[in-house]
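This report refers to the structure that appears directly beneath it.
The chains referred to below are lettered A, B, ... by the order of the sequence lines, with proteins before strands, and numbering in each begins at 1.
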Amino acid sequence: MITELVQRVVDRWAEEQGWAEAPAVRLERPAEEAHGDYATPLCMQLARTAKRAPKILAEELQARLQAEPDVARLVERIEVAGPGFLNFTLSGTAYSEAMAAMVADGADIGRGTMREHPHVNLEWVSVNPNGPLHVGHGRYAAYGDALYRLMTFGGSRVSREFYINDYGRQMDRFGRSVAARYAQSFEVDLPVPADGYQGEYVKDVAATVRGEVGDTYLPALRLVAAAAAAGPGAAPAGQAAAAPAEAEDEEGDETAAVSDWPSDPAVDEAVAFFRKRGCDLMLDGMREELEGFGVAFDTWFSETTLHVGGALERVVKDLLDKGEAFEEGGAIWLRTTSRGDDKDRVLIRGNGRPTYFAADIAYHENKLERGFEHLINIWGADHHGYVPRMNAAVEILSGRPGTLEVIIGQLVNLLEQGELKQMSTRRGEMVTLGELVDAIGVDAARFFLVMRSHDQTLDLDLALAQQQSSENSVYYVQYAHARIASILRNIPAETKPAIEAGPEVFASPYERALIKRLESFAWTVQDSADRRMPHRIAAFAQELAADFHVFYKHCRVIGVSPALASSRLALCLVTKAVIFRCLELLGVSAPESM
RNA sequence: GCGCCUGUAGCUCAGCUGGAUAGAGCAACGGACUUCUAAUCCGUGGGUCGCAGGUUCGAAUCCUGCCAGGCGCGCCA
C-alpha cells in the first residue's frame, strides 16, 4: 500500500530529473524498532545515478512525500536516518485501512490474480512402481504438492503429473519376483531371482494375484522351477548363463541378464502377466498412499504407452529428419551439444533398444503436444547430471530455451542414532513414507518434510522424529488456529467483526505487528511461488503464529469495549483465514480445537 | 579431474536475490495460569556467518581461489 504510494512519487521525481530509469521501490522491515515500521534504502542506491549525496536525496524525497495527501493520512512520520535510509512510521489509519482491505478480501487474502500465465505442467515423484515409497519420495511428494498448491494459489495454471516408469528391465525383474512369490505360495520351489526384489511386500502382491487368478499360471512356473532345479547350465539353448547379479547395484545393468529363466511362450506370457498386474497393484497402492498423504495427480502417464504406441519411434525419426539426430557406430544420437550439453547422447542403442532418454524425449514431446507451454520437473539430486541433456532435448522439441525447468531436490539421509545408513530398496533397508506417517502422523510429516529448503539435504532419524513429534513446529501453528476457533466459540453473539474508528483501535504494538505480518502474506505467496520455495510458507506460518500468540497474551477480545472487541474479532478472523491458508498450502489440517 | 548442492549459536535450520547492532526452534537456566486453550508467553546465557582475497557508501548474501561434506559425470534407469 505504502510501496505503491512511494513508487508513484519516485516515478514522477525521476521523470522531472530526467533519470533514465525510476528505481523500483522496496520497503523492508527494519530490525530495529526505533527505525519505524518500514524503511527503504532507495536514496543510497539512487546516489550514483543522481550524482548527489544520499542524505540530500533522502531529504528531498521526504519533502515530496510529505506533500502527498495520501501519505499524510497513512504515515505518521518520515525520517531520514543513517547513511540515507528513509524510515516510515505508520499512522493508526494505515492499520485500519489495511485491515479493511483484508476483511474485504475474505478467504481470498493473498490469492494471486491470474496473470498472462503459460499453462504449466508439473511432474514429480515419478518412480518405478516396484517398491514402496520411501521418505525420499515422501519429501518430493510433499514438496511438489505444496509447490502445486502454492503456484495455483499464486495465480498460475498448473497440471499435476506422475510419470510411471513401468517399462524396461527393472519391471521385468519385478514381474519375475512376483511370479516366484506366487509359485511359492503353491509350495513350488521357485526362488526369487538374485537380481529381483526380495521385499515382503512382493508376497502381498503375489497373494492378491493368486486370489484373482487361482492356479492359472502355475504350470508355466513349474517349468521355470524345474529348469532352476536343474541348474543354470541346463537353460535351453540360446539362453546364456546369467552373470552373477551385482547385489549392491540398485539400477541393474544393461549387460546383465534379467535372470536365467527358460525361454518358453507360456513362461513369457506368465511373466508379462505378473509384470503388468503387479505393476497395477503397486500403483494402486501408491495412489492410495499418496492420497492419504494429501497428494493427488491429474494425470498418471505410463512410459509403456510411448513404446507400444509408436510415439518413441516417431519422435526419433522426426529428429533424424530435422538433422538434430544422427547415426554413428550403429547407434542413433541426439546432438545435444548444439544446446549446451557436454556430449551428444544416445537415443537408440546399437542393439536397437531405445534408451531411457529417448523415452523421456517422447514423453516431453507428448506434454508439448497436449498444449503445455512450461514444463517443470522435480528430480532428486542423484539425477542432476541428466539436466543438461534434457534441457537441450526440450529446447530442440519446443524451439525455445527455458521451456523445461528442472528443480533439483536434495536427498534425505537416513540416520540411526546419529549413524548414517544407506537406503536400499533391494535389501529392504529404508524408512518408508508409511512408517514415517505411522510414527508422527500426516500433518507433522508433511510439515517436517517441507519446512526445510529443498536445496538442503535432510537428515532423518526416525526414532528422533518420533520423539520430537510433539515439538514439531506444526503444532505451534495449528494451536494458534485452534485458539482463534476457541475465541469464536466463546464470544457473545452480539459482537460482530468490524473495523471501528477510535484511538484505542489497533493501538497496541501487538495488534500492529500482527497486521503488518498479515499484510505481507500476499507478497510472501508471490515470492515463494516464483522462487519455487514452499518452505517459506512454513516459515511465514510460524512467524504469523508467533505474532498471534503474543497478541493473544496481551490483548483480550472478549470482555473489552465494543469497538475494541469488534475490531479485534475482525483481526482474529483475518488471522484465522491466513493461518488456515498457509496450512492448506502445505497440505496440513487446521484443527478447530486441540 | 570436471559439474551441481551445502557449510550461519551446543543441535536442527531461517535469513525476504546487497542494508542499520545476524534471527527462530530445540537444548540449558530463571519467571508468568482466579480472566478467550500454558501445545502459550516473558527474560538470561550462547556467533572468527568454513578460510582468504575482491567488488562498494554497505557483504552471511555477489565474484575469484582454497578447505570440508553430499550427489553426479554410461549405448544404466
Distance below 4.0 Å between Arg568(A) side-chain N/O and rC36(B) OP1 or OP2
no

At 4.0 Å (heavy atoms only), tell me whether Val557(A) reaches a base, stays on the sugar-phosphate, or touches nothing.
base

Between the side-chain atoms of Asn130(A) and the base atoms of rA77(B), is any donor-acceptor pair under 3.5 Å?
no

Please classify the nucleic acid contact of Gly329(A) as base, sugar-phosphate, or nothing, using heavy-atom distances under 4.0 Å.
base

Measure from the side chain of Trp333(A), starting at C-beta and using heavy atoms only, and say which of rC75(B), rU17(B), rC42(B) lies closest.
rC75(B)

Calculate the interatomic distance between Tyr552(A) atom OH and rU40(B) atom P; express it in whole Å.
13 Å

Is the charged tip of Arg483(A) near the ring of Tyr552(A): under 6.0 Å from the six-membered ring centre and within 45° of its axis?
yes

Are OP1 or OP2 of rC76(B) and a side-chain N or O of Arg173(A) less than 4.0 angstrom apart?
no

Could you tell me whether the phosphate oxygens of rA38(B), OP1 or OP2, come under 4.0 Å of any side-chain nitrogen or oxygen in Arg483(A)?
yes

Please determine whether a side-chain nitrogen or oxygen atom of Arg48(A) lies at a distance below 4.0 Å from atom OP1 or OP2 of rU56(B).
no

From rC71(B), rA14(B), rG19(B), nucleotide with atom closest to Gln45(A) side chain
rG19(B)

Is the aromatic ring of His384(A) within stacking range of rG72(B), meaning centres under 5.5 angstrom and planes under 30 degrees?
no

Check for a donor-acceptor pair, side chain of Arg349(A) on one end and backbone N or O of Ala331(A) on the other, with a separation under 3.5 Å.
no

If you measure from the Lys or Arg side-chain nitrogens to the Asp or Glu carboxylate oxygens, is any gap between Glu592(A) and Lys576(A) under 4.0 Å?
yes

Are His535(A) and the base of rA14(B) stacked, counting only ring centres nearer than 5.5 Å and planes tilted under 30°?
no

Looking only at side-chain atoms of Ala381(A), point me to the closest of rC71(B), rC26(B), rC75(B).
rC71(B)

Return no unless some side-chain N or O of Tyr356(A) is found under 4.0 Å from OP1 or OP2 of rA77(B).
no

Output yes if the stacking criterion (under 5.5 Å between centres, under 30° between planes) is met for Phe85(A) over the base of rA20(B), else no.
yes

At their closest point, which heavy atom of Ile537(A) faces which heavy atom of Ser528(A), and how far apart are they?
CD1-OG, 3.6 Å

Pick base, sugar-phosphate or nothing for Ser593(A), based on heavy-atom distances below 4.0 Å to the nucleic acid.
base

Nearest-angstrom distance from the residue atom CZ of Arg345(A) to P of rC75(B):
8 Å

Any stem touching RNA chain B, meaning at least three consecutive Watson-Crick or G-U pairs under 3.5 Å, ordered by first number, would be B:1-7 with B:67-73, B:10-13 with B:23-26, B:28-32 with B:40-44, B:50-54 with B:62-66

Separation of Met44(A) atom CE from rG58(B) atom P, in whole Å?
11 Å

Please determine if a side-chain N or O atom of Gln456(A) lies less than 4.0 Å away from the OP1 or OP2 oxygen of rA14(B).
yes

